[in-house]
Amino acid sequence: MALGNHSTIVEFLLLGLPADHHTQALLFVLFLTIYLLTLSGNLLMILVIRANSHLHTPMYFFLSHLSFLDLCYSSVTEPKTLENILSEKKTVSVEDCLTQAFFVFDSGGTELCLLAVMAYDRYAAICYSLLYGQMMSNELCVGLVLGSWGLAFFDAFINTLLACNLDFCETQVISNFICEIPSLFPLSCSNSSKNFAVLLCSALLHAFGTFLLVFFSYARIISTILNISSTSGRSKAFSTCSSHLTAVTLFYGSGFLRYLMPTSGSPWELVFSMQYSVVTPLVNPLVYSLKNKEVKAALKNTLQKSLQYLRSQRTGRGYSGNRMELQQDT
């Protein structure tokens, strides 16, 4: 129940980043560079997978959706961050803050599910290699991706809907650079215990549920790899999982710590938020391209074809230009 005498807050102050003008200029360049690299890296990953037919497998189907998700994730947070860095007021309306919090929760929840789906895909490929094609059919792959988006949307919708019923009448300051649902609880003068309970249930069911799927998948994978007699076979099997393990560690570690720790304005909250919302979308395409021979070969092939196409276009224009000159002379 809200307090009787208060003035309702209509906007928040995002004060997670330093206010010094020189530092802000450096931060703007840094965040802009990261955002452009994130966009280009993930777009390139999607194009390479689409352009090379030998990458049209379940593993790369999920990877292309992960790249698309990272594009969405970074676009939810970084443009607003760039705007706030340049702005003097650094304010965001309550409605815009709740909207951003919804999409951050939705994108993060979808990535949790998608990483778990990718772990199951590796489990099927390594532990049941002869039945892999039957287990990971096209219909199942599409269903798993749609299910990941749907479950995360439902989870984010419930938590954001409950946050909309809060009365914000205490402090206006959010000690972060983005709006997240845990950051809104201390700003409310109404009882937020129900919101916290629902968020905790979401974390336990959604986050820990997908984490257990990842854990058991890799427990079986490691057991299968250790039973492989040849060293080269073990190395090849493990190499197909190393990139995914790196992505899981980066995202799950920072996400768990951020959403389970009490919101107190600690600098660690800013660090963890930046880790999974800014750094992870940037690093994921690098991890999957640098550690994957097939992706590197496909990327090289795509670049070579692009260069050949550009050269042929230049040659064609030169030939057409010379022919026009000859016609004019005659």
Side-chain angles (χ1 to χ4, degrees), residues 42 44-70 109-152 206-252 280 283-302:
N42 284 288
L44 184 60
M45 184 68 72
I46 294 171
L47 292 174
V48 167
I49 292 172
R50 293 289 179 88
N52 292 269
S53 58
H54 67 280
L55 297 183
H56 293 175
T57 63
M59 173 182 171
Y60 295 105
F61 172 76
F62 296 133
L63 180 55
S64 65
H65 279 276
L66 180 65
S67 294
F68 174 73
L69 182 60
D70 284 335
T110 305
E111 187 147 345
L112 286 174
C113 293
L114 200 54
L115 289 172
V117 166
M118 294 172 75
Y120 175 76
D121 172 69
R122 292 299 83 208
Y123 157 75
I126 293 173
C127 300
Y128 298 95
S129 55
L130 297 179
L131 300 174
Y132 178 66
Q134 297 176 13
M135 292 178 65
M136 302 303 295
S137 63
N138 291 335
E139 293 78 11
L140 178 62
C141 292
V142 172
L144 288 172
V145 170
L146 292 177
S148 298
W149 281 99
L151 179 60
H206 194 159
F208 276 106
T210 55
F211 177 77
L212 286 175
L213 180 58
V214 172
F215 177 79
F216 285 118
S217 295
Y218 273 101
R220 292 293 306 275
I221 288 171
I222 292 171
S223 176
T224 302
I225 289 176
L226 292 177
N227 290 327
I228 298 175
S229 56
S230 66
T231 305
S232 61
R234 286 197 298 268
S235 177
K236 183 178 179 181
F238 182 75
S239 66
T240 64
C241 304
S242 59
S243 300
H244 182 254
L245 273 174
T246 303
V248 166
T249 303
L250 288 172
F251 191 78
Y252 270 82
T280 299
V283 170
N284 274 348
L286 295 175
V287 168
Y288 280 100
S289 60
L290 294 177
K291 287 194 170 188
N292 192 304
K293 293 180 180 179
E294 289 183 328
V295 173
K296 286 193 288 187
L299 179 59
K300 183 178 179 180
N301 183 46
T302 301

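The closest donor-acceptor contact from the side chain of Ser129 to the backbone of Ile126 lies at 3.5 Å or more, if one exists at all.
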Worksheet item: Yes or no on ring-ring contact (aromatic ring centres under 6.0 Å, His included) for Tyr60 and His56, after CA distance, side-chain angles and deciding distance?
Response: CA-CA 6 Å; Tyr60 295 105; His56 293 175; 9.6 Å; no
Item to complete: Mind running side-chain contact (heavy atoms from CB on, under 4.5 Å) on Tyr120 and Met135 for me, showing each step along the way?
Response: CA-CA 10 Å; Tyr120 175 76; Met135 292 178 65; 3.6 Å; yes
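Between Met136 and Ala124, the shortest heavy-atom contact is CG-CB, 4.1 Å. The minimum heavy-atom distance linking Ala116 with Val214 is given by the pair CA-CG2, 3.6 Å. Here the closest non-hydrogen pair linking Tyr132 and Asp121 is OH-OD1, 2.5 Å. Contact record, Ile49 with Ser64: CD1-N, 3.8 Å, taken as the closest heavy-atom pair. Across Ile221 and Ala119, no two heavy atoms sit closer than the pair CD1-O, 4.2 Å.
Thr210 has its side chain out of reach of Leu115: every pair of non-hydrogen atoms, C-beta onward, lies at least 4.5 Å apart. Annotation: side chain of Val117 is not in contact with side chain of His65 (no heavy-atom distance under 4.5 Å). Residues Leu112 and Phe211 are not in side-chain contact: their nearest non-hydrogen atoms beyond the backbone lie 4.5 Å or more apart. Between Met45 and Asn284, every side-chain heavy-atom pair lies at or beyond the 4.5 Å cut-off.
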Would you give me the side-chain donor-acceptor pairs under 3.5 Å for residues 138-148, sequence neighbours excluded?
{"from": "Ser148", "atom 1": "OG", "to": "Leu144", "atom 2": "O", "distance (Å)": "2.8"}

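Scanning for side chain to side chain contact (heavy atoms under 4.5 Å, CB included) contacts around Ile222 gives Leu226, with sequence neighbours left out. With sequence neighbours excluded, the residues forming a side chain to side chain contact (heavy atoms under 4.5 Å, CB included) with Arg220 are Tyr123, Cys127, Tyr128, listed by chain and number.
With values rounded to the nearest 0.5 angstrom, Leu63 atom CG is found 11.5 Å from Leu69 atom CG.
At most 12 non-hydrogen atoms from other residues, nucleotides or ligands lie less than 6.0 angstrom from CZ of Phe68.
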